[in-house]
Asker: 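Pasting a structure here, questions to come.
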Amino acid sequence: MPPSPTGDAEAPLLLVGGGLANGLIAWRLAETRPEIPVRVLEAADRLGGVHTWSFFQADLTEGQRAWIDPLIAHRWPGYEVRFPSHSRRLTTPYASVTAERFHQRLIERLGHRVTLGAKVATVTADHVVLGSGETLRGRAVIDGRGPGATPDLALGFQKFVGQEWRLARPHGLTQPIVMDATVSQEDGYRFVYVLPFDDRTVLVEDTRYTDGDALDAEAYREGVRRWLSDAGWAPETLIREEHGVLPVALDGDLEAHWDRQDAAALAGLRAGLFHPTTGYSLPDAVRAADLIAALPVIDAATVSAALRDHALRLWRERAFYRLLNRMLFRAAAPDQRRRILERFYRLPQPLIERFYAGRATLGDKARILAGKPPVPISRALACLPERGAAPRSVA
């Protein structure tokens, strides 16, 4: 384990939280501006927790894919989706970063700049106080400890439990199943997500879009077990389990959310930097890392303003996605939400790629909304205005 920080130590940039967003900032700075000392403070005993982060090739530029390449653990030439009325194979390449590889590569690159087991008591714009009372000072601090309280945002949730299994026999799957929505629709829109890591190793996630953020992990584990049984796959060894509750943005005031967080700059989910519909955060984390690496100076005011302006700009640009999310969560009955995604996956592949990349064109938006909506028209129209955060029901 790298050495513990010392009292009153100083580094130009302190990164609180060693998850995806801060890890990529540290990685990018080490690659492009190694003269800037960075300290990563992670409360756990490893970086990245227990996660798998995935993205579509079209989500990133060629240059971004190049610099993140050492972190990628698995790649596939395409993926498939399954719905009751149709299945489809798409040729958009897909890739995943595992927490294991993420931790390994960052420790190799950053070494003593990573402090594990660092419990943080106080975070400010220019210093951090550890639980031990030690103080670390820097010209800037970025808080990337994952989502916090969001009273200014109305959210739905994408919840999942994933299990990585070693199977008794080869599974025969050659590419991911990003959505198998042929399963029973429990708790809202439900699908199973499958990543084949090798011919006998798979990650199978039971995923549900629900109104509340409570996660009944055992119910999701049972969903994984049922899917494995229905697929005829014989699980032999459970390698690991991961779970999560990702935000789905419906409405709200991100500027007010940032105003509440006046102690330090924000990154990742805490900053509102995630795809509003899918909850995917890797593409936004890559862009934020490029943003920080390009700053002429690293100080509290510059870093905070850059990340805030970036997050608010994306929030404004992605209003259409929040509209679709409101239709999904507020206009569609929970057991009918699948129809919206089923319809979406009949659209042309380039449109689907632009949608996931957050670059839907005006023509794409018109195409998505064209025709009779798969929800009651009166309820769809009621979703048009964005009124700010509203009370959330709890599952």
Side-chain angles (χ1 to χ4, degrees), residues 1-5 9 11-34 36-55 64 67-74 95-121 123 128 130-132 134 136 138 140-148 162 164 197 203 239-246 264-271 273-274 279-290 292-293 307:
M1 180 180 297
S4 300
L13 184 60
L14 299 175
L15 301 174
V16 182
L20 180 68
N22 276 352
L24 291 185
I25 290 171
W27 176 271
R28 190 63 172 145
L29 285 171
E31 182 178 70
T32 62
R33 300 175 71 179
I36 299 177
V38 173
R39 175 70 61 83
V40 181
L41 306 173
E42 169 55 45
D45 61 359
R46 62 183 296 108
L47 300 173
V50 184
H51 293 291
T52 303
W53 302 282
S54 299
F55 65 98
Q64 289 167 340
W67 73 254
I68 200 177
D69 184 77
L71 303 176
I72 296 174
H74 304 282
S96 293
V97 173
T98 61
E100 181 180 14
R101 189 178 185 92
F102 181 82
H103 172 83
Q104 176 188 355
R105 290 288 189 264
L106 263 70
I107 291 296
E108 289 172 355
R109 174 66 65 88
L110 300 174
H112 68 278
R113 296 186 181 187
V114 175
T115 302
L116 303 174
K119 309 296 184 182
V120 172
V123 178
V128 173
L130 301 180
S132 63
E134 295 174 306
L136 298 175
V141 176
I142 298 179
D143 189 348
R145 291 176 292 174
E164 184 178 342
F197 291 154
L203 175 67
I239 299 172
R240 66 184 178 92
E241 178 178 289
E242 62 182 82
H243 54 82
V245 180
L246 302 179
L266 306 180
L269 297 180
R270 189 170 289 248
L273 290 171
F274 57 90
Y280 281 30
S281 58
L282 186 144
D284 275 0
V286 168
R287 296 177 192 118
D290 275 340
I292 297 302
L307 286 169

Asker: Return the minimal non-hydrogen interatomic distance between Glu242 and Val50, and the atom names on each side.
Answerer: CB-O, 3.2 Å
Asker: With rounding to the nearest 0.5 Å, note down the distance linking CG in Leu47 to CG in Leu110.
Answerer: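 Output value for this atom pair is 8.0 Å.
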Asker: Quick one: are Ile142 and Leu14 in side-chain contact, heavy atoms under 4.5 Å?
Answerer: no
Asker: Does any part of the side chain of Trp67, heavy atoms only, come nearer than 4.5 Å to the side chain of Asp290, both counted from C-beta?
Answerer: yes
Asker: Walk me through it: do Arg39 and Leu136 pass the test side chain to side chain contact (heavy atoms under 4.5 Å, CB included)?
Answerer: CA-CA 9 Å; Arg39 175 70 61 83; Leu136 298 175; 4.0 Å; yes
Asker: Can you tell me if His243 has over 12 outside heavy atoms packed within less than 6.0 Å of its NE2?
Answerer: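 No.
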Asker: Considering only heavy atoms from C-beta outward, does the side chain of Glu164 approach that of Thr98 to under 4.5 Å?
Answerer: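 Not touching, per the 4.5 Å side-chain cut-off.
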Asker: How many angstroms lie between CG in Leu106 and CD in Glu108, if you round to the nearest 0.5 Å?
Answerer: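 Rounded to the nearest 0.5 Å, the CG-CD separation comes to 9.5 Å.
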Asker: Closest approach of Gly146 and Leu269, non-hydrogen atoms and distance?
Answerer: C-CB, 4.5 Å
Asker: Flag the pair Val114 / Glu42 as yes when at least one side-chain heavy-atom distance between them is below 4.5 Å, and no otherwise.
Answerer: no
Asker: Would you call Asp284-Arg287 a salt bridge at under 4.0 Å N-O?
Answerer: yes
Asker: May I ask you to check whether over 12 heavy atoms, not counting those of Glu100, lie within 6.0 Å of atom CD?
Answerer: no
Asker: Testing Val141, Val40, Val128, Asp143 one by one against Leu15 for a side-chain contact (heavy atoms from CB on, under 4.5 Å), which residue passes?
Answerer: Val40
Asker: Show the nearest heavy-atom pair for residues Leu266 and Leu307, with the distance to one decimal.
Answerer: O-CD1, 3.2 Å
Asker: Once you round to the nearest 0.5 Å, how far does NE2 of His103 lie from NE2 of His51?
Answerer: 14.0 Å
Asker: Would Ile68 and Leu282 count as a side chain to side chain contact (heavy atoms under 4.5 Å, CB included) here? Give the steps.
Answerer: CA-CA 10 Å; Ile68 200 177; Leu282 186 144; 3.8 Å; yes
Asker: Using side-chain heavy atoms (C-beta onward) and a distance below 4.5 Å, is Leu71 in contact with Trp27?
Answerer: yes
Asker: If you round to the nearest 0.5 Å, how far is CG of Leu203 from CD of Glu241?
Answerer: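 The CD atom of Glu241 sits 10.5 Å away from the CG atom of Leu203.
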Asker: Stepwise, does the side chain to side chain contact (heavy atoms under 4.5 Å, CB included) test hold for Arg113 with Leu29?
Answerer: CA-CA 12 Å; Arg113 296 186 181 187; Leu29 285 171; over 6 Å; no
Asker: Using every non-hydrogen atom in the two residues, find where Arg101 and Ile72 come nearest and quote the distance to one decimal.
Answerer: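 For Arg101 versus Ile72, the nearest heavy atoms are NE-O, 3.0 Å.
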Asker: Gly48 and Trp53: which non-hydrogen atoms are nearest, and at how many Å?
Answerer: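 Smallest heavy-atom distance, with atoms named: O-CH2, 3.5 Å.
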Asker: Is there a side-chain contact between Ile25 and Leu13, using heavy atoms and a 4.5 Å cut-off?
Answerer: yes
Asker: Just checking, is any N or O donor in the side chain of Thr52 or Arg240 under 3.5 Å from an acceptor N or O on the other one?
Answerer: yes
Asker: Please find the pair of heavy atoms, one from Ala21 and one from Ala285, that lie closest to each other, and give the distance.
Answerer: CA-CB, 4.0 Å
